[in-house]
Q: 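I am attaching a structure below and will ask some questions about it afterwards.
Both counts, for ligands and for their atoms, begin at 1 and track the order of listing. Keep in mind that the numbers below use all heavy atoms, side chains included, and drop hydrogens, waters and symmetry copies.
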Amino acid sequence: MKAASTSTTPSTTAPPTHSAFPPPSTASLARSSRIAPHSHIKALGLTSDGLATSDGAGFIGQNNAREACGVVVELVKTRKFSGRALLLVGAPGTGKTALALAISHELGAKVPFCPMVGSEVYSAEVKKTEVLAEAFRRAIGLRIKETKEVYEGEVTELTPSESENPLSGYGKTVSHVIVGLKTVKGTKQLRLDPTIYEAILKEKILVGDVIYIEANTGAVKRVGRSDAYASSYDLESETYVPLPKGDVHKRKELVQDVTLGDLDAANARPQGGQDIMSVMGSLVRSGRTEVTEKLRREVNKVVQSYVDQGVAEVVPGVVFIDEVHMLDIECFTYLNALLESPMAPTVILATNRGNSFVRGTGDIVAPHGIPIDLLDRCLIVKTDGYTRDQVAKVVQLRANTEGLKLSEGVIDRLAAEGEKSSLRYAIQLLTPASILARLAGRDHIQTEDINEMNALFLDAKTSGSLFNQSGDYA
Ligand SMILES: Nc1ncnc2c1ncn2[C@@H]1O[C@H](COP(=O)(O)OP(=O)(O)OP(=O)(O)O)[C@@H](O)[C@H]1O
Ligand SMILES: [Mg+2]
């Protein structure tokens, strides 16, 4: 079997090397927690003509801003917005971050979306501008199409075969693994190298999964679970796929989505896989650990040659910088330069500041704390405050997403609180109130829970007004 004879690394010491994609960076995992407060927002909620629907996709009101964002989505999709910026401005809690996330939903998973917060640039280890540069690289996607020789099918058998370990007296090692693959047309039994078995374990492949193994690299990819094993749950995280057609051994068109940031990182720390990332990795075998400008240029060159050959396509994505007023003049200047580079993603900025000092200048006051030359490159969209009605709708949506039941009058009460202080305060009262309700042995939140919450916690305005002008506690 060709797949079996391709790898010569001993399985006992080599780390699992077959992985079509780099491991998700911990940074992007950590970011999902920022998104949780917005989980009720599914999209911008626009009609096909780009008009805002009344309660579209979890977004209440804010019609102007939503429609404007819809236009930006269209421009990004047709690649007419690269190198420009959208600036979302508005009071705290008016849905700027929510809008940006809705834009990312609209663009779909294939278009890279790289969110960051302005203050992230102040890291003790990395230069400010480097943080920005990396975010921009992560927002440019590369879709690589390749035709590869693969073995594909539903796994019918997965039997590792063990033998004595020649290196140590104890224990056994896997000497090879027998994998049975089935397609509509036939079945085939493969005898595979132990390193491939490691990849199979890493991908958590079980009998009944549909997989493919690349013939000349041994890379294993799980496509999904076979239809035959589909259960009747309404909601499930599993993706079911039909039994593959054709022969087990065939040529298959594979599409891989990576970002320039991924390629930079893979090449900075070459690990020696056999996929596209490390083909490029083999360019630089010096064991370099830092992403330098020179490395980026080398990666760009290879990317360009892939594009010229027609095997790859560049997909410019979006960088979202929340709380952009936290950037300083150095960053803003660099941002201008990045925006003008030939491979620039779309930039979305958000801020809740009005006229304020540009950080790092000391005395220059500018709208939103952003220098005029950058503002010049921005389309500005404003978010409006909410009426009591709209607050009520958002609170109801949030309660549904969090699975909370509300008694009569609670919504009205929270809407009044929201109108008095802020939408966010009203939303934030929900969870603690549900805990109070549970303590009292109820499954519904009642107005008295909200009252009690109000007595326990202060909203910002009340809290501020407890201090007199000189800052002493009144
Ligand atoms: N129009 C809306 N429809 C539904 N939910 C909304 C809407 N506007 C805001 N929200 C929700 O209200 C909360 C606060 O909104 P968000 O975080 O987007 O505010 P923001 O404008 O980014 O505020 P800040 O300036 O403080 O960052 C979030 O949970 C958000 O999902
Ligand atoms: Mg925000």
Side-chain angles (χ1 to χ4, degrees), residues 31-46 51-70 86-106 113-120 318-327 347-356 367-370 380-404 411 414-415 417-434 459-461 463-464:
R31 273 175 187 144
S32 59
S33 62
R34 246 190 96 71
I35 296 171
H38 306 280
S39 48
H40 59 287
I41 306 263
K42 302 282 176 264
L44 285 170
L46 301 174
L51 299 176
T53 54
S54 63
D55 323 328
F59 233 112
I60 310 295
Q62 224 61 274
N63 289 10
N64 254 333
R66 275 159 60 199
E67 286 170 14
C69 289
L86 167 72
L87 172 61
L88 301 169
V89 302
T94 47
K96 298 178 295 296
T97 307
L99 273 174
L101 291 167
I103 292 180
S104 90
H105 286 305
E106 293 279 348
F113 186 85
C114 182
M116 63 177 286
V117 182
S119 46
E120 266 176 57
V318 175
V319 177
F320 169 49
I321 309 179
D322 209 351
E323 322 285 344
V324 65
H325 53 266
M326 288 303 295
L327 297 183
V347 176
I348 301 179
L349 310 170
T351 176
N352 54 22
R353 300 294 159 91
N355 287 330
S356 52
H368 315 297
I370 301 174
I380 303 180
V381 170
K382 178 174 161 295
T383 52
D384 303 317
Y386 293 111
T387 62
R388 184 188 280 228
D389 242 21
Q390 288 172 328
V391 176
K393 279 188 188 154
V394 177
V395 169
Q396 183 63 59
L397 264 178
R398 243 356 260 187
N400 295 349
T401 345
E402 291 181 34
L404 304 175
I411 286 282
L414 283 173
E417 284 300 328
E419 198 186 23
K420 202 173 81 195
S421 45
S422 72
L423 170 65
R424 215 186 245 129
Y425 180 66
I427 295 178
Q428 268 164 2
L429 281 178
L430 272 178
T431 323
S434 77
D459 67 283
K461 279 177 199 156
S463 167

Q: Going by the order shown, which atoms of ligand 1 are within less than 4.0 Å of some heavy atom of Y386?
A: 1 (N), 2 (C), 7 (C), 8 (N), 9 (C)
Q: State which residues pass side-chain hydrogen bond (donor to acceptor under 3.5 Å, both in side chains) with K382; sequence neighbours excluded, sorted by chain then number.
A: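 Checked K382 against side-chain hydrogen bond (donor to acceptor under 3.5 Å, both in side chains); matches are D384.
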Q: Where does H40 meet ligand 1, judged by heavy-atom distances below 4.0 Å: at the side chain, the backbone, both, or neither?
A: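 The part of H40 near ligand 1 is the side chain, not the backbone.
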Q: Near F59, which atoms of ligand 1 are under 4.0 Å from a heavy atom of that residue?
A: 1 (N), 2 (C), 3 (N)
Q: What part of T383 sits under 4.0 Å from ligand 1 if we count only heavy atoms: the side chain, the backbone, both or neither?
A: neither
Q: Return yes or no for this condition: an N or O of T97 is under 3.5 Å from an N or O of ligand 1.
A: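 For ligand 1, there is an N or O atom that lies under 3.5 Å from one belonging to T97.
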Q: Answer side chain, backbone, both or neither: which part of E323 comes under 4.0 Å from ligand 1, heavy atoms only.
A: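 E323 to ligand 1: side-chain contact only, backbone stays beyond 4.0 Å.
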Q: Between R424 and ligand 1, which residue portion shows a heavy-atom distance shorter than 4.0 Å: side chain, backbone, both, or neither?
A: side chain
Q: Counting each atom of ligand 1 from 1 as listed, which ones have a heavy atom of G95 under 4.0 Å away?
A: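 This gives 8 (N), 9 (C), 15 (O), 16 (P), 18 (O), 19 (O), 20 (P), 21 (O) as the contact atoms.
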Q: Check ligand 1 against G58 and write out every atom of the ligand that is under 4.0 Å from a heavy-atom position of the residue.
A: 3 (N), 4 (C)
Q: Strictly under 2.8 Å, is the Mg ion (ligand 2) approached by any N, O or S atom of T97?
A: yes
Q: Could you tell me whether a side-chain N or O of R66 sits under 3.5 Å from a main-chain N or O of L46, the two making a donor and an acceptor?
A: no
Q: Can a donor-acceptor pair be found, under 3.5 Å and without considering hydrogens, that links the side chain of R353 to the backbone of I370?
A: no
Q: For ligand 1, does L99 get within less than 4.0 Å through its side chain, its backbone, both, or neither, judged by non-hydrogen atoms?
A: neither
Q: Can you name the residues that form a salt bridge (Lys or Arg N to Asp or Glu O under 4.0 Å) with E419, not counting sequence neighbours?
A: R388
Q: May I ask you to identify, for L423, whether its side chain, its backbone, both or neither come under 4.0 Å of ligand 1 on a heavy-atom basis?
A: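 For L423, only side-chain atoms sit under 4.0 Å from ligand 1.
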Q: Only heavy atoms of P92, strictly under 4.0 Å: list the atoms of ligand 1 that pass.
A: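 Selected atoms, number and element: 23 (O), 24 (P), 25 (O), 26 (O).
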Q: What atoms of ligand 1 come closer than 4.0 angstrom to any heavy atom of N352?
A: 24 (P), 25 (O), 26 (O)
